Peer 1: 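Mind looking over this structure? Questions follow.
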Amino acid sequence: MSVLKVSQLVYQGCGPVDLAIEAGECIGLTGESGSGKSLLLRAIADLDEHRGDVLLGDVNCKSVAAPEWRQQVALLPADSQWWFDTVGEHFNATDTELFQRLGFKPQVADWMVSRLSSGEKQRLALIRMLASQPRVLLLDEPTANLDRQNTTGFEQIVADYLATHNACAIWVSHDREQLQRITHKIYTIEKGRLNLC
Amino acid sequence: MLIKLTAFDLSLAACLVLLLALLSWKMQLLITRQLLVAGLRTTVQLLLIGLVLKSVFSNVNIAWVIMITLVMLSVAGWEILSRQHRKLKVWWGFGISTASLFVSSFMVTLLALTTIIQADPWYHPQYAIPLLGMLLGNTMTGIALGMDRLIQTAWQQRMIIEQRLMLGQTSSQALAEIRRDSMRAGMIPIINSMAAAGIVSLPGMMTGQILAGAAPVEAVKYQILIMFLITSGTGFGVISVLWLMSRRLFDERHRLRFDQLLKQV
């Protein structure tokens with residue numbers, strides 16, 4: 001059974017979209033600006049109003065509380081937002097071992113958010129998102145502002161997570177080469193409709 | 001001893017305002033018109049309410065009291081709405097601000113009249129209307145400030161609020177800091193005036209009573225009562241406005257929905 005199943009999803013005048021993703025699978029999504037890629041991810045994370053069904057396993061989005069849903073179906077935007085001064089305040093005390101596992105020193109918790117580089121910020125945003133152990137990762141141009149080295153590091157963390165947690169991902173990117181490198185299938189989106197490449 | 005003011009006494013004071021208007025006109029400070037209009041308004045409005053109160057006091061009738069208080073309440077509701085920097089949808093904004101004023105002023109006044117002051121009858125307009133007026137006037141400021149801070153900050157930080165929702169926080173968690181901040185903004189004026197009362201400033205109501213011949217200690221007791229009523233009224237009012245606004249700011253799926261509250265998004 002697929003991890004994420006989207007059927008007849010209509011959102012913000014786009015769609016309908018049908019999509020099923022298996023455990024461990026990462027699908028790519030590409031298309032011009034304004035084609036509805038980000039809006040699709042927002043609808044799947046239940047951040048915008050939509051019609052149709054989104055299922056996680058056999059659980060319908062409508063039947064769970066929205067915050068619970070978003071912990072399981074997590075969206076990572078291109079620009080992460082931080083609201084406290086230090087990195088650590090955005091995490092639970094138990095999350096700090098994640099830092100080490102993902103290549104940061106434990107002291108990172110005391111770092112000021114304003115001093116982070118864009119690469120560090122995006123990797124930490126990913127760790128912050130993974131802390132709730134989501135089953136679905138919705139990645140909206142996550143490496144658009146990163147250099148090659150940071151991009152590779154980021155891709156590695158995602159690939160490891162998918163393999164070890166039976167999770168799946170939708171990766172939105174303009175970079176076809178990147179999608180061919182890391183995803184199993186690539187869809188293009190045009191006027192809110194998906195086409196398999 | 002009560003010294004009555006004559007029309008001449010008031011004209012002397014008015015001359016001071018006119019002098020100020022003249023000076024600011026000469027110096028091109030662009031405040032002359034507003035100053036004169038406001039001066040005229042205060043004279044006319046206060047004279048009118050004086051006449052209204054005179055006839056209501058001599059003819060104690062609960063229907064009149066209710067009517068006057070409802071007018072006061074809705075005018076205060078509009079006033080709060082017009083002090084907002086972001087334009088709210090009129091009926092929602094008016095509904096939320098009047099509902100909060102109702103909690104902050106009506107309930108507190110009612111409680112004070114029936115259990116503390118105990119006039120006969122309890123709704124006697126000589127007590128009910130000045131008390132309600134004082135509470136409305138003061139809690140209005142706090143509610144307007146708290147409401148404005150909440151909506152302004154939430155708008156500026158909408159990306160952060162959505163980020164927190166994406167991480168699976170509830171709407172209430174995502175708004176926690178902003179709510180705290182707005183509560184503080186609404187309460188600071190009254191907390192400051194409590195702290196400064198008697199040392200830096202002699203509150204207006206007490207001063208008025210003393211000028212009108214009341215014993216200072218009696219005036220002080222009334223002032224303390226009023227201060228506590230205003231403080232608790234403001235607090236309850238700001239809490240209700242924050243509660244109502246933050247409910248309206250999100251839908252049942254914890255999505256940030258400015259379109260439910262603001263005119264243009």
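Just so it is clear, the structure is predicted and the values come from calculations on it, not from any experiment. We name chains A, B, ... by the order of the sequence lines, and we start the count at 1 in each one.
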Peer 1: Among B:Glu252, B:Met166, B:Arg253, which residue has the highest count of heavy-atom pairs closer than 4.5 Å to chain A?
Peer 2: B:Arg253

Peer 1: Please flag which part of A:Gln72 lies under 4.5 Å from any non-hydrogen atom of chain B: side chain, backbone, both or neither.
Peer 2: neither

Peer 1: B:Glu162, B:Arg164, B:Gln157, B:Met159: which one forms the most heavy-atom pairs within less than 4.5 Å of chain A?
Peer 2: B:Arg164

Peer 1: Can you tell whether the side chains of B:Arg255 and A:Asp48 come within less than 4.0 Å, N to carboxylate O?
Peer 2: no

Peer 1: What part of A:Arg128 lies closer than 4.5 angstrom to a heavy atom of chain B: side chain, backbone, both or neither?
Peer 2: both

Peer 1: What option among A:Met129, A:Gln71, A:Glu49 has the most heavy-atom pairs under 4.5 Å with chain B?
Peer 2: A:Glu49

Peer 1: Looking at B:Arg83 and B:Asp148, is any side-chain nitrogen of the basic one under 4.0 Å from a carboxylate oxygen of the acidic one?
Peer 2: no

Peer 1: What part of A:Ala65 is in contact with chain B, defined as an atom under 4.5 angstrom from a non-hydrogen atom: side chain, backbone, both or neither?
Peer 2: backbone

Peer 1: Determine, for A:Glu190 against A:Lys37, whether the closest basic-nitrogen to carboxylate-oxygen distance falls under 4.0 angstrom.
Peer 2: no

Peer 1: With a cut-off of under 6.0 Å to the ring centre and 45° to the axis, is A:Arg115 in cation-pi contact with A:Trp111?
Peer 2: no

Peer 1: Let me know if B:Glu177 has heavy atoms under 4.5 Å from chain A in its side chain, its backbone, both or neither.
Peer 2: side chain

Peer 1: For this output row, return yes or no: ring centroids of A:His165 and A:Tyr161 closer than 6.0 angstrom.
Peer 2: yes

Peer 1: Under 3.5 Å, is there a donor on one side chain and an acceptor on the other for A:Arg135 and A:Asn166?
Peer 2: no

Peer 1: Tell me, out of A:Arg42, A:Lys62, A:His90, who's got the most heavy-atom pairs with chain B below 4.5 Å.
Peer 2: A:Arg42

